[in-house]
Number of protein chains: 2
Amino acid sequence: MELHDASHALSALSQTSRLELFRLLVISGDEGMPAGQISTELDIPKPTLSFHLKELSTAGLILAERHGRSITYKINIEGIRELMEFLTEDCCQGRPDLCNLSNNSFNTLPTNLL
Amino acid sequence: MELHDASHALSALSQTSRLELFRLLVISGDEGMPAGQISTELDIPKPTLSFHLKELSTAGLILAERHGRSITYKINIEGIRELMEFLTEDCCQGRPDLCNLSNNSFNTLPTNLL
DNA sequence: CATGTAATTCCATGCATGTAGAATTAACAA
DNA sequence: TTGTTAATTCTACATGCATGGAATTACATG
């Protein structure tokens with residue numbers, strides 16, 4: 001991942017509606033959530049939501065999958081991983097304390113959602 | 001750190017000029033770099049640079065310190081750490097593989113720059 | 001105090017982004 | 001094929017952001 005892509009991804013996440021949307025999809029996990037449900041859940045009109053979903057999609061942060069007549073969205077694990085790696089690359093040049101977050105309990109969390 | 005602050009920080013980093021600026025300050029480390037040098041280094045006019053520096057400052061990502069008649073900027077370790085924590089919080093709810101980046105060699109890097 | 005240097009604010013311009021109603025496409029069901 | 005539901009594009013409007021020249025503030029030195 002290079003500067004331009006990272007900037008695109010960060011730009012997609014820099015908007016409160018989209019950050020909330022992103023969070024919701026992260027929590028909803030691998031099964032994702034259909035657009036209509038997201039629209040009611042976050043109280044965002046469908047055209048507006050569609051715009052934001054597209055932003056996150058082209059930024060490589062979420063994926064779309066049609067199920068019948070509804071379209072389900074879910075987070076793109078690879079895309080997020082790449083962004084995280086880019087940021088930690090940036091943050092940690094010779095400064096390991098920055099990224100060595102002490103209170104991240106990732107490894108103690110259940111993995112049954114994967 | 002809450003949604004609004006995170007969105008503010010992400011917004012500050014979402015712009016290519018500022019992302020480059022941020023990178024430069026990360027690399028320049030704890031001694032930072034005066035605004036004039038940044039201006040010539042990145043070939044950004046002073047008023048434009050000043051605008052971007054302010055954006056990163058109010059987002060809590062960099063710090064300013066006057067030395068004589070020049071003002072030196074450097075990264076704000078705490079601010080960056082908070083943003084990283086917020087993002088990993090978001091990214092890792094029940095999905096530890098996302099943030100458990102395998103190829104991060106932070107702990108093998110020299111710490112003499114701190 | 002006067003001069004030179006560093007950086008910032010002021011301000012106007014142009015471009016990009018967010019928003020949401022109306023029209024449109026896509027899919028299923030009878 | 002007609003009707004219903006889901007989601008998207010089209011479109012227009014308003015707001016916000018990036019840019020950089022000109023004027024301004026802050027500081028050091030003779």
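Sequence lines set the chain letters: A, B, ... in the order given, protein chains first and strands last, and positions in each chain run from 1.
Screening A:Thr16, A:Leu13, A:Leu56 for a side chain to side chain contact (heavy atoms under 4.5 Å, CB included) with A:Leu21, the sole residue that qualifies is A:Leu56. A side chain to side chain contact (heavy atoms under 4.5 Å, CB included) with B:Lys74 holds for exactly one of B:Val26, B:Asp30, B:Leu25; it is B:Asp30.
A 4.0 Å heavy-atom criterion places the boundary nucleotides of DNA chain D facing chain B at D:dA18 to D:dA28, written 5' to 3'.
For the pair A:Thr48 (side chain) and A:Ile44 (backbone), a donor-acceptor distance under 3.5 Å is absent. Side-chain atoms of A:Gln15 come within 3.5 Å of backbone N or O of A:Ser17 as a donor-acceptor pair.
Counting to the nearest Å, the C1' atom of C:dT8 and the CD1 atom of B:Ile71 are 8 Å from each other. Between A:Lys46 atom NZ and C:dG21 atom P the separation is 13 Å, expressed in whole Å. Following rounding to the nearest Å, B:Leu42 (CG) and C:dA7 (C1') show an atom-to-atom distance of 16 Å.
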Determine, for nucleotides 22-30 of chain C in 5'-to-3' order, which nucleotides have protein heavy atoms under 4.0 Å from the base (write B), from only the sugar-phosphate (write S), or from neither (write -).
B----BB--
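Here A:Thr48 does not reach the OP1 or OP2 of C:dG18: none of its side-chain N or O atoms lies under 4.0 Å away.
Here B:Ser17 lies in heavy-atom contact (under 4.0 Å) with sugar-phosphate atoms only.
Both B:Ser70 and A:Arg18 lie close to DNA chain C; mapped to their nearest nucleotides by heavy-atom distance, the more 5′-ward contact belongs to B:Ser70.
Residues of residues 49-65 of chain B that place a heavy atom closer than 4.0 Å to DNA chain C, in numerical order, are B:Ser50, B:Lys54.
Contact check for A:Leu19 versus B:Leu3: side-chain heavy atoms found under the 4.5 Å cut-off.
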